[in-house]
Each structure stands twice: as C-alpha cells, then as structure tokens.
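The figures that follow rest on heavy atoms only: side chains count, while hydrogens, waters and symmetry mates do not.
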There are 2 protein chains.
Amino acid sequence: MPRKSELNQELRDARKEQILKAALIVFARRGMVATKISDIAKEAGLSHGLVYHYFNSKEEIFSLLVKKAANSSIEIIQQANEIKGTPLEKLRWMTEQILNSFVDSEHTLLFLIMIQASTSDAIPAEVKELLTGDQSLSPVMCTLPIIAAGQEKGEIISANPVTLAVTYYAFIQGLAINKIQWPECPIPDANLLLRIFINEKGSSYHNE
Amino acid sequence: MPRKSELNQELRDARKEQILKAALIVFARRGMVATKISDIAKEAGLSHGLVYHYFNSKEEIFSLLVKKAANSSIEIIQQANEIKGTPLEKLRWMTEQILNSFVDSEHTLLFLIMIQASTSDAIPAEVKELLTGDQSLSPVMCTLPIIAAGQEKGEIISANPVTLAVTYYAFIQGLAINKIQWPECPIPDANLLLRIFINEKGSSYHNE
DNA sequence: GTCTATAGCGGGATAGAC
DNA sequence: GTCTATCCCGCTATAGAC
C-alpha cells in the first residue's frame, strides 16, 4: 500500500474521532433524538454535510458510541477479576477505577450514553441489542461471581447477590447522572459505597 | 354557579387527568423530545387533536408533570422531618416510603421525568427552572439537617454531609432508572441503603 | 367535545459545486 | 474533502366538520 493512502487513512480516522468526540458531548447532554446533526457539526466545528461524508446516519454515530461505552465498562470488570486479592479487594479496585473515571468527563459521558440507550424506548432496537445481546456480559452478571466469592469468604454480607449487584450499579449510574446535573458535586470515596457490602462483624482476615 | 357547569368542569378535569397519565407513561419511556403528541393520544385512547383541546402544547403537559414530581418528592422529605424519632429513624422512614413507591409505577415514572428535566439540555429553560428555582428546596439541601443531626447524635458516620446526601440520592435515582430497564429487578431493603450512613461499632471509615 | 384534514416548519439525508 | 442548497418526510399545532 502506497505511503500516501496510509496517511490519508490516518487523517480520515482522526476526523472520524473528532466527530465522535463532539457527538458524545451533545448526545450525552441532549439525548439522541433531540440532538440534530447540525449540533454535532457545530460542536466539531465543521459543516453538517461533512458529517455525512464520514458516517451514514445519526444512528450509526450513536451506535458506535454505545459500543465504545459497553466495551469499556466490561473491560473494567474483567480487569478487576484478574488482579490478585480477595473478592472485596477486587470490588474496591473496580469501584476506585470507576469513581476516578468520573473525574474525566469522557468516561462519565460514555456512561450516560449507555444509560440512555438502555432506558429510552426511543432508541432503535438494533442499538439496544448491543447492550442486551449477550446477557452474560451485563455488568450485574459479571459481578455476581465476585460477590458470591466474597460471601463464601465471609467478607460480604449474606444478602441476595443480585440485589447487592443491582444496588451497587444503581449507585454508579446515579452518580454519573448526578455529575451532569452538578459537575462539581463531591464524589464519594470507594469505601463509602463498599459499606453496603462489608460484613463488619465477621472480619475477613480472621475468618478462614 | 349552575350545577351543570360544575359537572362539566369535573368531566373536563377527569379528561385532563387521563391525558396526563398517558403522557407520563410515554414521556418517561421515550423522553420529552422523542414523544409525539400522537403517542400520548394513542396511549390515552383518543385523537391527537383532542389533546390540544385540553392543553396548549407538549411542553405544557411535560411541565405540569415536572411540577407534580417535584412536589411529591419534597413532600416526602417534609413528612420525614415531622415524624418523631431519631434522625436515623427519619431517614429510614423516608427511604422506606421511596422504595415502596417504586413498587407502584406512577411514582417511579415521576422520578424519571424529574431526572430527565434536570439532566437533559433539550428541556426548555422555563421547565428546568421549576426544579432549580428555589435552591433551598432541593432534596439534597432538605436532607442535610437530618444528616447533621444524626452525626451530632453519633448515629451517622462523620463524613461530609453533602457527600452523604449526594451518595444517598445517587442510589435513589439509580434505582429508579434500573426499574425501567428491568421492571422486575429486586428492590433492596431500606436497611441495605442505610448501611452507608450507620456508625457501627468498629467501623473504621473516616473522611475529611 | 371529538374527530379528520391540513398548514407550516424543522431536520435528516443527498446532490452537486468547488 | 468540504461546503451550500435542497429534497422530502414527519411532526406540532390549527381549522373546521360533525
């Protein structure tokens, strides 16, 4: 492949990234339906016609962002599974990663995109399926084994693991939403959130 | 006032309620912008023209629902303040009320309307002001005195009260969102949420 | 009071100039 | 590759029949 077209490809990819980045901002703040292609174009600093030179439709752009969001959220859980430590330490590490990511707005915005995609009936079915496609990849499902292991070990209270996971993710989603309403809102420490899990009485370290 | 027009007024109000109820359902699930007047009409079982006989615009309908949602959320906090008991007992009562209301879908939907109104830039400023108008009436602000009193008493851990309140409402909002993604999802017990507040003996959590 | 028909406009997507 | 002009559909809101 000649040098020139490689370079062109890179420029093309950079432009696509630029548009996606702009789209992320406006989609997260206005919602998919309320966002006009011209909003994205204005945010990216180019004409609305050019957006269609790089993407086929508004839905395609939104869809790519949903994919990106879903991947990065699954990735964190998988990384948590790989680090060594007790189940509770894995949960703490994961929680810290997520809470830290809220400082950087890009991750928060990706979270909001995912919430929109899963909660709004206005999102086309094909896009929603990106999230529900493989049930076993849902954050709640991926987290269950860690919670169960922690219960086995006595580190985590013996409530219904699904309820615990739901509650945990409710917190995460709620915090992401809060962040957009009130960008300077105080982000709690991971330990505060983990209090819902921790079995104070039978402390983990003496219980084996 | 003659009897007949009183009766007419009642019928008129009932129709308005019918439309509002239908609007609540579709607004919550699709978002304000994505909801068409014909969606509301279809849900209410009448023609789209008739909706305009009772309301002036889509925005007016949405706005009325936001008002209703804001009122009922403030009401719960005020009621919590009035019951007798320790601060923690007030928080428990309030949490139980809210979690119970999630069983009934109308309250959950009102919650979602409020989240939309406060998070989306696509919502007209006049509507957003219904929520931000009096800062001192925000749920976080209303809850701070209860939390502070609980800390005074030693019932509640000595973290930053604003952070605690933000975390608490993040849970609540997150659960409301969860409920629409997954209607049969397990709703946690109030005591599980309250674990973030409770100062158990041997708890080593400190902040600031 | 309730319906159907339609005016009017805004925005997604495309064509074509440069 | 980038822009402007425009097609065309769909939705809000209104008009007017019954």
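As judged by a 4.0 angstrom heavy-atom cut-off over every strand, A:Leu46 is placed among residues touching the sugar-phosphate backbone only.
One interatomic measurement links the two molecules: CG of B:Asn8 to C1' of C:dG1, which rounds to 10 Å at whole-angstrom precision. If you take CD of A:Glu60 and P of C:dT14, they are 11 Å apart, rounded to a whole angstrom. A:Leu50 places its CG atom 7 Å from the C1' atom of D:dG1, with the value rounded to the nearest Å. For the pair B:Gln18 CD and C:dG1 P, the computed distance is 14 Å after rounding to whole Å. In this entry the distance linking NZ of B:Lys16 with P of C:dT2 reads 13 Å, nearest Å. Regarding A:Lys36, its NZ atom lies at a distance of 12 Å from the C1' atom of C:dC9, rounded to whole Å. Separating the NZ atom of A:Lys58 from the C1' atom of C:dA13 is a distance of 12 Å, rounded to the nearest angstrom. In this structure, B:Glu10 atom CD and C:dG1 atom P are separated by 13 Å, rounded to whole Å.
Formation of a donor-acceptor pair under 3.5 Å by the B:Glu43 side chain with backbone atoms of B:Ile25 is not found in this model.
Put simply, the side chain of A:Ile198 does not reach to within 4.5 Å of the side chain of A:Ile156, judged on heavy atoms.
For B:Arg12, the listed nucleotide lying nearest its side chain is C:dG1; candidates were D:dG1, D:dA13, C:dG1. Residue B:Ser47 places its side chain closer to C:dC3 than to any other of C:dG12, C:dC3, D:dT2. Residue A:His48 places its side chain closer to D:dA5 than to any other of C:dA5, D:dC3, D:dA5.
Dashed line: the shortest gap from a side-chain N or O of B:Tyr54 to OP1 or OP2 of C:dG1 is not under 4.0 Å. At the phosphate of D:dT14, neither OP1 nor OP2 sits under 4.0 Å from any side-chain N or O atom of B:Tyr52.
In the interface, the side chain of B:His53 is not paired with the base of D:dA13 through any donor and acceptor atom under 3.5 Å apart.
Judged by distance alone, the side chains of A:Arg12 and A:Gln9 never bring a donor and an acceptor atom under 3.5 Å apart. Side chain to side chain, B:Ser63 and B:Glu126 fail the donor-acceptor criterion of an N or O pair below 3.5 Å.
Heavy-atom contacts from other residues, nucleotides or ligands closer than 6.0 Å to CD of B:Glu89 number more than 12.
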